[in-house]
Amino acid sequence: MGGLGVHALDHAGTAGRPGSVVHRLDPRAKVVGLLGITLAAAVAPRGAWVVPAACLVALAGVAWWARVPATVVWRRARVVLPLVLLAAAVVPFVGGGPSVAVGPVHLSVEGLRTFGAVAAAATVGTLSAVLLTATTAFPDVLRALERLRVPRAFTLTCAFMYRYLFVLGEEVGRMRAALAARGFRPRTALGAAAVGRLATALFLRGHARGERVYLAMCARGFCGVMPAGAPGRLGRAEAGFLAALGALVVPVSVWAQVA
Amino acid sequence: MHIPDGFLTPGVAAAAAVPAAGAVAYGLRHARSRLDERRVPLLGLTAAFVFAAQMLNFPVAGGTSGHLLGAALCAVLLGPWLACVAMAVVLTAQAFLFADGGVTALGANVLNMGVIGAVGAGLGLALAVRLLPLGRTAFLALAGIAAWGAVMLGALATAIQLGLSGTVPLGVVLPPMLSVHALIGVGEAVVTVAALGAVLATRPDLVAIRPRGLAPLVVPTAVSGRAS
């Protein structure tokens, strides 16, 4: 069952040097800063290459400052980025207007420009998200979103989903052990039907266990608010972080919009 | 179907985000008034399950791959509005955790998969259940059609947004998008019917939209302490 993808969560934890300046920043500053960079790249006029370039420089700075190794960034971006670039790569083949001949194929000039702009913005967005998760634990991201006025019911559902992903993962582990103990080795197409029933069993067992987890939380005094650590505060470090990112990205974005 | 950053122009992204935010806000208000204690774990677990299911990619014709959507399944289990919240939660977590679907295209992604998929399929099915005396088989068949329709309508909306953004001409993106998703939709329908049939057989009390004939069993879920 491939762990139902839950093992992929291992690729979503923090990385780099945990004590770095970036890791210790208030999560709100990181969410706002990295979202801002993505936004700047996404709203830049297509063809204004200086904006995604400035965004990439800013992201490289964040990665260096947090000591997130390039291999980690590459491994995590590799999960989605190739698919995105592949989807964008059809554009030059279908665009209209004047075309250039590259070997036997004709590529639309307009399409190539669109492809470049889309690929650049998608790369910036992916790297921003990768760096956010590499420097901030997911519960901290949720807490930051809540303090940035995202409705609590929404962040709470997110938090439960995150908790239950691990419940599902553990349940998959137990079911795998049970399957192995019974010598289950699917070799024919009939195995697919068994896997379908396994998925349903996983859902029902996960739900039963999720209910017990919830009751245990209630028994320990949970009343609709996830326990929070010490509340962070927006101090000089956060202001400096946002100012540095802003200085890199805002002037070129404004210039690109005006030009 | 997850639209990444940069594929949509700001205008299209904003225009898609407004109805998506409205629907999620309505869903959250609905959740606050209707969500009884027992459904909190179901909401979280269904979201987690959809999250995991969306990570399983299976190959479709022509070297592309698709993944399960789970919108219709979610809608039947949770009802249309809670399902909308669950899908929005899944898409938000994917955007933040794995960069799957752009953060700036989140509104469009929620609109395509959460609102059109879950709310559309859920309201359609709820209406059908209220108007028609459906048996178990007919209900499952309708749920399968709803699952296929949710995938197709989501793909259609995605193609229209990409076309409006000028990323790809609509006439070029629409035919392959719809034909690929017609196949993905069949897989989605099979999985939805199989999962729903099994849940209806074992825990009909977990299903929010169900045919009138299938009254909920009284299962003392919280205290039964099922062995697992």
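The sequence lines fix the lettering, A, B, ..., with proteins before strands; numbering per chain opens at 1.
- At least one side-chain heavy atom of B:Leu206 sits less than 4.5 Å from a side-chain heavy atom of A:Leu204.
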Check the pair A:Leu202 / B:Phe49 against side chain to side chain contact (heavy atoms under 4.5 Å, CB included), numbers first and verdict last.
-> CA-CA 9 Å; A:Leu202 173 66; B:Phe49 207 71; 3.9 Å; yes
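- Of the residues considered (A:Ala201, A:Ala122, A:Ala119), A:Ala122 shows the highest number of contacts with chain B, using heavy-atom pairs under 4.5 Å.
- The candidate with the highest count of non-hydrogen atom pairs below 4.5 Å against chain B, out of A:Thr126, A:Val31, A:Leu127, is A:Thr126.
- In this structure, B:Val103 and A:Leu39 have side chains that are not in contact, with every pair of non-hydrogen atoms separated by 4.5 Å or more.
- Of the listed residues (A:Ala117, A:Ala129, A:Pro151), the greatest number of heavy-atom pairs within a distance under 4.5 Å of chain B belongs to A:Ala129.
- In this structure, no portion of B:Val50 lies under 4.5 Å from any heavy atom of chain A.
- With a 4.5 angstrom heavy-atom cutoff, A:Thr114 touches chain B only via side-chain atoms.
- Residues B:Leu45 and A:Phe160 fail the side-chain proximity criterion, which asks for heavy atoms closer than 4.5 Å.
- Checking each of A:Thr136, A:Val141, A:Leu142, A:Leu34 against B:Phe96 for a side chain to side chain contact (heavy atoms under 4.5 Å, CB included) leaves exactly one that passes, namely A:Val141.
- Interface residue B:Leu8: only backbone heavy atoms are found under 4.5 Å from chain A.
- In terms of non-hydrogen atom pairs under 4.5 Å with chain B, the most contact-rich of A:Cys158, A:Ala44, A:Gly210, A:Ser128 is A:Cys158.
- Proximity to chain A (any heavy atom under 4.5 Å) is restricted, for B:Leu77, to the side chain, taken from C-beta onward.
- Between the side chains of A:Arg46 and B:Ser165, no donor-acceptor pair is found at a separation under 3.5 Å.
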For A:Val124 and B:Asp5, run side chain to side chain contact (heavy atoms under 4.5 Å, CB included): C-alpha distance rounded to whole Å, both residues' side-chain angles, the deciding distance at 0.1 Å, then the answer.
-> CA-CA 8 Å; A:Val124 169; B:Asp5 288 309; over 6 Å; no
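- Residue A:Trp74 places its CH2 atom among 12 or fewer non-hydrogen atoms of other residues, nucleotides or ligands, all under 6.0 Å distant.
- You'll find the side chain of B:Leu43 reaches within 4.5 Å of the side chain of A:Thr157, heavy atoms only.
- In this structure, OH in A:Tyr214 is found 12.5 Å from CG in B:Leu42, a value given to the nearest 0.5 Å.
- The shortest heavy-atom contact between A:Met161 and B:Ala48 is CG-N, 3.3 Å.
- Taking each heavy atom of B:Ala198 and A:Thr200 in turn, the nearest pair found is CB-CG2, 3.0 Å.
- Here CG of A:Leu35 is found 9.5 Å from CG of B:Leu106. Values are rounded to the nearest 0.5 Å.
- In this structure, the portions of B:Thr46 lying under 4.5 Å from any heavy atom of chain A include both its backbone and its side chain.
- Both the backbone and the side chain of B:Ala88 come within less than 4.5 Å of a heavy atom in chain A.
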